Amino acid sequence: MQEIHQSRKLADVLYDIRGPVLEEARRLEEQGQRIMKLNIGNPHPFGFEAPAEILVDVVRNLQESQGYSDSKGLRSARTAVVQHYQERGIDITNPDDVWLGNGVSELIQLALNALLDSGDEVLIPAPDYPLWSASTSLAGGAPVHYLCDEDDDWNPSFADLEAKLTPRTRAIVVINPNNPTGAVYSREVLRRIAEIAAERNLIVFADEIYDKILYDGAVHHTFAALAPDVLTLTFSGLSKAYRLAGFRSGWMVVTGPREHATSYLEGIEMLTNMRLCANVPAQHAIQTALGGRQSIRDLILPGGRLLAQRDAALEALAKIPGVSCVKPKGALYVFPKLDPQMYPIADDRRFVLDFLRAEHVLVVQGTGFSWPSTDHLRIVTLPWAKDLTEAIGRLGNFLSTYVPPKD
Ligand code: PLP
């Protein structure tokens with residue numbers, strides 16, 4: 001029979017977090033091996049529970065959730081999002097400036113699909129959260145990566161960012177706190193991005209899904225609050241701070257000048273209508289989540305489980321010769337560097353596969369985040385501290401006898 005090929009649209013789409021290495025992990029599991037999966041930021045499998053009152057509210061509203069909702073989402077939930085951002089200093093009053101989606105993931109795709117024509121460029125940080133790059137490619141655009149500087153606490157390199165602006169640039173993505181680096185940007189850094197965007201009439205996509213996961217007193221500045229002069233789409237949701245990744249519930253908020261963006265916003269409305277609405281039971285979680293006690297604080301303050309795990313990861317990494325790691329100020333990851341002199345890794349995906357086979361620990365290679373060299377790994381800091389210490393100890397073990405493959 002004639003071969004059925006995937007669409008050529010997928011040719012430039014890079015999405016390795018759930019790629020072939022994960023397939024190998026599955027195969028090993030089927031053989032009865034226990035794999036430590038440190039590859040995705042999914043809190044629940046590591047024993048993180050959502051606040052009970054959110055679950056109760058969703059259950060109570062199930063009866064009312066059988067039909068489609070308004071395509072942008074329940075008004076009560078969107079009003080709660082408006083109030084949440086008012087408290088964060090954003091000039092927003094209208095729930096119609098809020099879209100609810102099946103996770104931030106769906107809204108990212110919607111926002112890019114509505115914007116991009118073939119060859120339009122989107123500036124995305126490197127390392128990236130790969131969905132931004134993949135969705136840009138899928139929407140027909142070109143992801144252009146601006147480097148973040150490890151020697152400068154992973155802040156954006158403005159020299160690089162400015163060098164990559166072209167007449168085709170349409171938008172800048174800012175991920176703050178950052179996945180995978182854990183950087184939390186200062187007011188000055190964000191304002192500098194705002195100035196570049198304002199000058200060039202660019203949209204800023206501010207992915208702030210980790211805005212409440214902060215360590216050591218780090219302060220998160222909501223980009224839109226600092227940039228009333230920039231058309232900004234802010235993204236966040238319930239997956240991380242509320243430990244509800246499986247609910248697929250997120251929001252997107254439009255702020256800043258938009259008289260010149262009527263057509264774009266109509267495009268977003270059309271795509272929103274085409275998918276009818278986001279999962280309705282999960283929309284009922286939003287108001288309770290944002291309005292209730294913010295239990296995430298118990299996890300990130302001294303004595304908190306997430307903080308202890310970040311520290312355990314850093315401590316275990318520091319014990320491995322030739323491995324260094326900038327201390328993450330937020331989010332759920334460490335992004336260590338393996339000294340290329342000591343560990344000459346030519347193919348980091350192969351490295352991660354060999355590590356998986358030898359030590360049964362699954363991590364993601366730096367190039368999976370569009371990092372240009374093969375000398376980084378991303379490790380999720382969700383497992384219990386003792387498990388992280390064990391897993392990173394196994395990395396040390398693997399590296400101590402590491403001989404780069406010949407082929
Ligand atoms: N944005 C970033 C930076 C993420 O790290 C993730 C998930 O890991 C997402 C978006 C996806 O979020 P959601 O579960 O709301 O689709």
Side-chain angles (χ1 to χ4, degrees), residues 15-19 22 37-46 48 50 54 73 77 81 84 98-113 122 124-136 138 143 145 148 154 156 171-185 204-214 220 222-223 233-253 275 278-279 282-283 285-286 289-290 296 306 328-335 363-364 366 368-371 378-382:
Y15 199 73
D16 253 5
I17 297 192
R18 289 185 182 253
L22 185 63
K37 293 208 205 76
L38 277 54
N39 63 321
I40 56 167
N42 187 12
H44 189 260
F46 298 98
F48 289 96
I54 302 183
V81 173
H84 169 72
V98 178
W99 278 255
L100 305 186
N102 293 304
V104 166
S105 303
E106 183 190 43
L107 296 164
I108 288 174
Q109 293 174 53
L110 220 134
L112 290 167
N113 268 324
V122 180
I124 298 172
D128 66 0
Y129 174 62
L131 184 66
W132 279 104
S133 305
S135 305
T136 298
L138 200 54
H145 293 102
C148 295
W154 285 116
I172 306 178
V173 175
V174 179
I175 303 173
N176 178 40
N178 190 274
N179 173 9
T181 65
V184 176
Y185 301 139
V204 168
F205 295 125
D207 181 342
E208 301 185 348
I209 193 156
Y210 299 102
D211 61 355
K212 295 201 172 80
I213 306 186
L214 302 163
H220 178 260
T222 305
F223 181 86
L233 273 59
T234 303
F235 299 81
S236 193
L238 302 184
S239 293
K240 312 293 175 178
Y242 304 96
R243 290 88 74 197
L244 281 167
F247 274 30
R248 313 306 303 122
S249 192
W251 54 84
M252 175 175 87
V253 177
R275 62 81 158 113
N279 175 346
Q283 294 183 39
I286 292 175
L290 290 177
I296 184 69
L306 284 174
K329 296 199 199 86
L332 302 171
Y333 314 92
V334 283
F335 196 59
V363 297
V364 184
F369 303 92
S370 302
W371 186 244
R378 189 192 73 170
I379 301 173
V380 169
T381 58
L382 284 166

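Small disclaimer: the values here were computed from a predicted structure and weren't measured. For ligands, and for the atoms within them, numbers begin at 1 and follow the listed sequence.
- The backbone N or O of G41 sits less than 3.5 Å from a side-chain atom of K240, completing a donor-acceptor pair.
- Put simply, the side chain of E208 never gets that close to the backbone of T222: no donor and acceptor are under 3.5 Å apart.
- One N or O on the side chain of N178 and one on the backbone of I175 form a donor-acceptor pair closer than 3.5 Å.
- Residue A289 comes nearest to I54 through the heavy atom pair CB-CD1, 3.6 Å, listed as atom of the first residue, atom of the second, then distance.
- With rounding to the nearest 0.5 Å, the separation of CD in E106 from CH2 in W99 is 13.5 Å.
- Atoms CE and CG, on M252 and D207 in that order, are 12.5 Å from each other to the nearest 0.5 Å.
- Annotation: ligand 1 has protein neighbours G103, V104, S105, Y129, I175, N179, D207, I209, Y210, S239, K240, R248, Y333, each with a heavy atom less than 4.0 angstrom from the ligand.
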